[in-house]
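Chain identifiers are assigned alphabetically (A, B, ...) following the order of the sequence lines, protein sequences preceding nucleic acid strands; residue numbering begins at 1 within each chain. Only this structure's heavy atoms are used, side chains among them; waters, hydrogens and symmetry mates stay out.
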Amino acid sequence: MNDAKLKQDDEDGGDRQRDWESTESLQSKFFDRRPAVVARQLLGCGFARRIEGVWVGGWIVETEAYLSSRDAASHSARGEKPGNASMFGRPSTLYVYPIHAKHCVNLVTESIGRGSAVLIRALQPVWGIERMIEHRGLSSLDVSDGRMLTTGPGRLCHSLAIDRRSDRVDPIADPNWCLFVGAKVPRNRITATSRIGISQSKELPLRFFVDGNRYVSGLAGQHRRPRRDSLP
DNA sequence: CGCGAGATTGGCT
DNA sequence: GCCAATCTCGCGC
């Protein structure tokens, strides 16, 4: 079933007219708030980049907030270093961090120098799906559904070809990136849990996901009964 | 199908 | 060396 959907989504190679022309782009002010607030509000927003004329991306369905203080799991907890400098940059800046031979992408929040950010953990793939499959080194036959593409922070970076070269980029100012308001996800459709894969500050409920969306990583997204794409 | 060990790479001690 | 905001595969129930 998803084969047909993937094909349809990508009929023109992802290079079709952007279908979000009339939508509302996120502004710098959006990110100049506490990371947990931004993490919640990013759910349902569109996130995409253009590579060689092809837009790749989708709807944000899972995020985690990393705080500027009292958060031992945050990369900013031990102060600013060359490797994490972008996390202390202006709000909306990308902070891209390599881990386990993969990458994770964050959006910086609050004002310059705070060191807080929101990790994008999963997208519902929408634009340039054939291109994402290429980036992942898969064939469409290997992809029974889109979860292999953009579920999980490492996989979504791979699909969008995000690596350290995208660190410090401002996706709001850069014409080859796009962040915009999509579906407003009502509060009662958002679940907050503890964050995944960290060893410190585990207890803080700073992971947010769209309830029931199957592109959410971990148990919450994969084997949940109502298996629907709960976004546009 | 759920769980745990191993893989793999860059950055920091 | 060692560790990490991960992912994948293989094994066991």
Side-chain angles (χ1 to χ4, degrees), chain A residues 31 34-40 42-43 47 60-89 93-110 114-123 125 132-139 141-169 171 191-209 214-225 227:
Chain A
F31 297 93
R34 294 191 48 220
V37 174
V38 176
R40 274 179 173 279
L42 276 172
L43 296 178
F47 180 51
I60 297 171
V61 297
E62 180 185 358
T63 58
E64 282 179 0
Y66 287 86
L67 311 182
S68 60
S69 62
R70 297 180 192 175
D71 182 3
S74 176
H75 288 173
S76 63
R78 292 183 191 176
E80 184 172 349
K81 305 261 175 59
N84 66 2
S86 55
M87 196 171 170
F88 294 83
T93 305
L94 296 185
Y95 166 48
V96 180
Y97 187 81
I99 182 161
H100 283 89
K102 298 168 183 74
H103 293 270
C104 294
V105 64
N106 299 254
L107 292 159
V108 174
T109 56
E110 299 182 291
R114 295 277 295 182
S116 66
V118 172
L119 170 69
I120 310 299
R121 284 197 59 91
L123 302 177
M132 294 191 219
I133 292 171
E134 287 175 30
H135 289 159
R136 291 271 292 143
L138 304 171
S139 81
L141 292 177
D142 302 325
V143 184
S144 59
D145 70 54
R147 279 184 287 162
M148 282 302 104
L149 298 177
T150 51
T151 292
R155 280 197 284 245
L156 84 85
C157 280
H158 198 188
S159 284
L160 301 206
I162 293 173
D163 57 28
R164 207 101 219 285
R165 288 172 297 184
S166 299
D167 187 51
R168 292 178 175 280
V169 165
T191 300
T193 70
S194 52
R195 295 170 294 182
I196 289 179
I198 55 174
S199 53
Q200 301 178 82
S201 302
K202 285 179 178 174
E203 69 290 348
L204 301 176
L206 293 174
R207 171 181 176 239
F208 305 95
F209 60 84
R214 72 164 184 269
Y215 298 98
V216 173
S217 71
L219 297 177
Q222 298 189 13
H223 304 295
R224 197 95 163 194
R225 292 302 297 177
R227 301 195 295 157

Quiz item: Over how many whole Å does the gap from His103(A) atom NE2 to dA4(C) atom C1' extend?
Solution: 13 Å
Quiz prompt | Closest-nucleotide ordering on DNA chain C, the 5'-leading residue of Ser199(A) and Pro153(A) | solution = Ser199(A)
Quiz item: How is Arg136(A) classified with respect to the nucleic acid when contacts are heavy atoms under 4.0 Å: base, sugar-phosphate, or nothing?
Solution: sugar-phosphate
Quiz item: Reckon Ile198(A) touches a base, only the sugar-phosphate, or nothing at all at heavy-atom distances under 4.0 Å?
Solution: sugar-phosphate
Practice problem: Could you tell me the separation between the CG atom of Asn84(A) and the C1' atom of dC3(C), rounded to a whole number of Å? | Solution: 16 Å
Quiz prompt | Closest nucleotide among dA7(B), dG10(B), dA5(C) to the His100(A) side chain | solution = dA7(B)
Quiz item: To the nearest Å, how far apart are Tyr95(A) OH and dA5(C) P?
Solution: 9 Å
Quiz prompt | Atom pair distance, as rounded to whole Å: NZ in Lys102(A) and C1' in dG10(B) | solution = 13 Å
Quiz item: Does a donor on one side chain sit under 3.5 Å from an acceptor on the other, for Ser194(A) and Glu203(A)?
Solution: no
Quiz item: Checking side chain to side chain contact (heavy atoms under 4.5 Å, CB included) for the pair Ile196(A)/Ser217(A): CA distance, chi angles, key distance, verdict?
Solution: CA-CA 10 Å; Ile196(A) 289 179; Ser217(A) 71; 4.1 Å; yes
Quiz item: In whole angstrom, what separates Phe208(A)'s CZ from dA5(C)'s C1'?
Solution: 15 Å
Practice problem: For Tyr97(A), report the nucleic acid contact type (base, sugar-phosphate, nothing); a contact means any heavy atom under 4.0 Å. | Solution: nothing
Quiz item: Does a side-chain N or O from Arg121(A) land closer than 4.0 Å to OP1 or OP2 of dT6(C), or not?
Solution: yes
Quiz item: Looking just at side-chain N and O atoms, do Ser159(A) and Thr150(A) make a donor-acceptor pair shorter than 3.5 Å?
Solution: no
Quiz item: Rounded to whole angstroms, how far apart are CZ on Arg207(A) and P on dT6(C)?
Solution: 11 Å
Quiz item: Is there a Watson-Crick or G-U wobble partner for dT8(B) with both distances under 3.5 Å, and which nucleotide is it?
Solution: none
Exercise. Once you apply the 3.5 Å cut-off to both distances, tell me the Watson-Crick or G-U wobble partner of dA5(C), or none.
Key: none
Quiz item: Lys81(A) side chain N/O closer than 4.0 Å to the phosphate oxygens (OP1, OP2) of dT13(B)?
Solution: yes
Quiz item: Rounded to the nearest Å, what distance is computed from the CZ atom of residue Arg195(A) to the P atom of nucleotide dA4(C)?
Solution: 15 Å
Quiz item: Considering only dA5(C), dG10(B), dT8(B), which nucleotide approaches the side chain of Met87(A) most closely?
Solution: dA5(C)
Exercise. Indicate whether OP1 or OP2 belonging to dA5(C) is found under 4.0 Å from a side-chain N or O atom of His75(A).
Key: yes
Self-check item: Leu42(A) and its side-chain contact (heavy atoms from CB on, under 4.5 Å) partner, picked from Ile60(A), Val37(A), Thr109(A)
Solution: Ile60(A)
Self-check item: Distance under 6.0 Å and angle within 45° of ring axis: Arg195(A) vs Tyr66(A)
Solution: yes
Practice problem: Could you tell me the separation between the CG atom of Leu138(A) and the C1' atom of dT8(C), rounded to a whole number of Å? | Solution: 12 Å
Quiz prompt | Listed nucleotide nearest any side-chain atom of Pro98(A), set dT9(B), dG10(B), dA5(C) | solution = dG10(B)
